[in-house]
S.K.: 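Take this structure first; my questions come after.
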Amino acid sequence: RSTPMTSFDSHAHFPTASAAEHHAQIARAREAGLCGILAVGGGPELDPGAIAMARECPADVHLALGLDRDVAVTAAPDAATLAASMTSLRGTLARLADEGIPVRAIGEIGLDFSRDPTASVKAAQIALFEAQLALAAELALPCSIHSRDAATDTLASLARHASPARRRTARVGVVHCFSGGAAFAAALVELGLCIGLSGILTFRNADPLRAVAADLPRDRILVETDCPDLTPVPMRGRPTAPAMLPHPVRRLASVLGLGEDAAAALTTENARRLFGLAT
């Protein structure tokens with residue numbers, strides 16, 4: 001018999017699975033106690049699986065689409081190309097809406113300077129990020145944001161685009177798979193962001209992250225798998241799946257001094273509020 005469905009996976013990718021595997025993943029997720037998943041695109045490699053999941057399993061899967069940092073050099077090398085990329089994204093969102101598939105967030109978007117990119121690559125990433133922050137504000141949607149080795153620029157971009165009204169709603173978005181420090185987390189919260197915690201929270205060397213998590217405002221915490229990556233302890237050595245979400249939820253519960261059901265309910269309520277889903 002299925003366990004009560006109380007957890008929400010706020011960031012999951014489905015890059016290669018077939019329709020049959022999609023349905024199998026949902027069945028396993030339900031057995032593990034999940035009540036919803038945000039399937040996240042980001043470009044040509046991730047969009048088809050995310051859209052297929054939302055199309056095939058609309059009761060369980062919600063959709064985020066955007067253009068991530070990996071496509072910035074082709075999507076935003078100059079103003080004209082960026083404008084064309086944004087026109088294309090708008091068209092995709094409109095077509096999906098016409099099909100009855102609402103996009104619940106713009107994402108995955110953001111910045112990643114971990115490979116020490118050149119100034120031109122950084123500029124393209126920032127331009128693409130900020131164009132989509134503006135689009136999200138226009139559409140009153142939250143963003144699912146990636147930030148790696150780019151905290152200063154991430155905060156600067158958010159500060160330019162997160163209006164005081166958006167900040168007060170706390171629906172600017174979520175910095176997913178958070179692994180930064182306390183100062184970065186506090187600055188994000190001040191700008192109206194939520195913090196997404198992944199399987200990293202279970203890692204043996206993650207005491208600093210657990211300390212940050214313990215001090216977060218409880219209404220700003222989300223949980224995610226970021227599947228198929230970042231497999232939690234004790235499942236290391238295999239691809240992640242939404243059904244593994246109870247492991248980071250359990251660790252978060254310990255960090256916050258809550259029961260597992262309470263941690264699941266808290267993070268699910270936060271996800272539903274952020275993504276505009278019915279309770």
S.K.: Could you pull out the closest heavy-atom pair between V71 and P44, with the gap in Å?
M.R.: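 Shortest heavy-atom contact: CG1-CD, 4.0 Å.
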S.K.: Decide yes or no for L209 and L197: does some side-chain heavy atom of the first lie under 4.5 Å from some side-chain heavy atom of the second?
M.R.: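 Yes, close enough: below the 4.5 Å cut-off.
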S.K.: Taking everything shown except E190 itself, do over 12 heavy atoms lie less than 6.0 Å from its CD?
M.R.: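 Count not over threshold, so no.
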S.K.: Using a strict threshold of under 4.0 Å (side-chain N to carboxylate O), is an ion pair present between R210 and D207?
M.R.: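 Between R210 and D207 there is a salt bridge, with a charged N closer than 4.0 Å to a carboxylate O.
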S.K.: So, for A54 and L63, which heavy atoms are closest and what is the spacing to 0.1 Å?
M.R.: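 The pair with the smallest heavy-atom distance is CB-CB, 3.9 Å.
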S.K.: Does the side chain of L256 come within less than 4.5 Å of R218's, by heavy atoms?
M.R.: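 A side-chain contact exists here, since the closest heavy-atom pair is under 4.5 Å.
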S.K.: Under a 4.5 Å cut-off applied to non-hydrogen side-chain atoms, are C177 and I200 in contact?
M.R.: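 Yes, close enough: below the 4.5 Å cut-off.
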S.K.: Of the options L277, T268, T6, which is the one that meets C35 in a side chain to side chain contact (heavy atoms under 4.5 Å, CB included)?
M.R.: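 Of the listed residues L277, T268, T6, the side chain to side chain contact (heavy atoms under 4.5 Å, CB included) partner of C35 is T268.
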S.K.: Have a look at M53 and tell me which of I26, L38, D60 forms a side chain to side chain contact (heavy atoms under 4.5 Å, CB included) with it.
M.R.: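 Among the candidates, only I26 passes.
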S.K.: Under 3.5 Å, side chain of R273 to main-chain N/O of D219, donor-acceptor pair present?
M.R.: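 Here the side-chain-to-backbone pair exists.
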S.K.: Grab the two heavy atoms, one from R160 and one from I126, that are nearest each other, plus how far apart they are.
M.R.: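 Taking every non-hydrogen atom into account, NH2-CG2, 4.5 Å.
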S.K.: Does any part of the side chain of L188, heavy atoms only, come nearer than 4.5 Å to the side chain of L158, both counted from C-beta?
M.R.: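 In contact.
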S.K.: Using a 4.5 Å cut-off on heavy atoms from C-beta on, say whether the side chain of F129 contacts that of H161.
M.R.: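 Side-chain contact under 4.5 Å: no.
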S.K.: How far apart are the C-alpha atoms of F113 and Q125, what are their side-chain angles, what is the distance that settles it, and do they pass the side chain to side chain contact (heavy atoms under 4.5 Å, CB included) test?
M.R.: CA-CA 9 Å; F113 301 157; Q125 287 193 22; 3.4 Å; yes
S.K.: Do R251 and S254 get their side chains close enough for a donor-acceptor pair, meaning under 3.5 Å?
M.R.: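 Short answer, no.
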S.K.: May I ask you to test the L65-L96 pair for a side-chain heavy-atom distance under 4.5 Å?
M.R.: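 With C-beta onward as the side chain, the pair touches.
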S.K.: Tell me, do M244 and T240 make a side-chain contact under 4.5 Å, heavy atoms counted?
M.R.: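 A side-chain contact under 4.5 Å exists here.
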S.K.: Would you indicate whether R167, at its atom CZ, is surrounded by more than 12 heavy atoms from other residues, nucleotides or ligands within a distance under 6.0 Å?
M.R.: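 Atom CZ in R167 is packed in, count exceeds 12.
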S.K.: Using a cut-off of 6.0 Å, state whether more than 12 heavy atoms not belonging to E45 lie near its atom CD.
M.R.: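 No, because the 6.0 Å sphere around CD of E45 holds 12 heavy atoms or fewer from other groups.
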S.K.: Can you classify the ring geometry of H13 versus H176 as parallel (below 30°), tilted (30 to 60°) or perpendicular (above 60°)?
M.R.: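 Because their plane-to-plane angle is over 60°, the rings of H13 and H176 count as perpendicular.
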S.K.: Test side chain to side chain contact (heavy atoms under 4.5 Å, CB included) on F178 and L216; report intermediate values, then the result.
M.R.: CA-CA 12 Å; F178 186 83; L216 291 172; over 6 Å; no
S.K.: Between S10 and E224, is there a side-chain donor-acceptor contact under 3.5 Å, judged purely by atom types and distance?
M.R.: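 E224 vs S10: no donor-acceptor pair found between side chains.
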S.K.: If I compare all heavy atoms of N270 with all of I221, which pair ends up nearest, and what's the gap?
M.R.: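 N270 and I221 have their closest heavy atoms at ND2-O, 2.9 Å.
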S.K.: Would you mind reporting whether P142 and V174 have side-chain heavy atoms less than 4.5 Å apart?
M.R.: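 Answer no - side chains too far apart.
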S.K.: Ignoring hydrogens and geometry, is there a side-chain-to-backbone donor-acceptor pair from D112 to S147 under 3.5 Å?
M.R.: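 Such a contact is absent between D112 side chain and S147 backbone.
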S.K.: Might you work through the side chain to side chain contact (heavy atoms under 4.5 Å, CB included) test for L133 and C143, ending with a clear yes or no?
M.R.: CA-CA 7 Å; L133 289 174; C143 297; 3.8 Å; yes
S.K.: So which heavy atom on T202 is nearest to which on P232, and how close?
M.R.: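 Closest approach of T202 to P232, heavy atoms only: OG1-CA, 3.4 Å.
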S.K.: Run the numbers on D153 and K122 for salt bridge (charged side-chain N to carboxylate O under 4.0 Å, His left out), then give the verdict.
M.R.: CA-CA 10 Å; D153 287 289; K122 285 188 176 183; 5.5 Å; no
S.K.: Using side chain to side chain contact (heavy atoms under 4.5 Å, CB included), reason through R148 and R69 one step at a time and then give a plain yes or no.
M.R.: CA-CA 11 Å; R148 184 176 180 189; R69 72 279 174 193; over 6 Å; no
S.K.: List the atom of L111, the atom of A150, and the distance in Å for their closest heavy-atom pair.
M.R.: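 In this case the closest contact between L111 and A150 is CB-CB, 3.7 Å.
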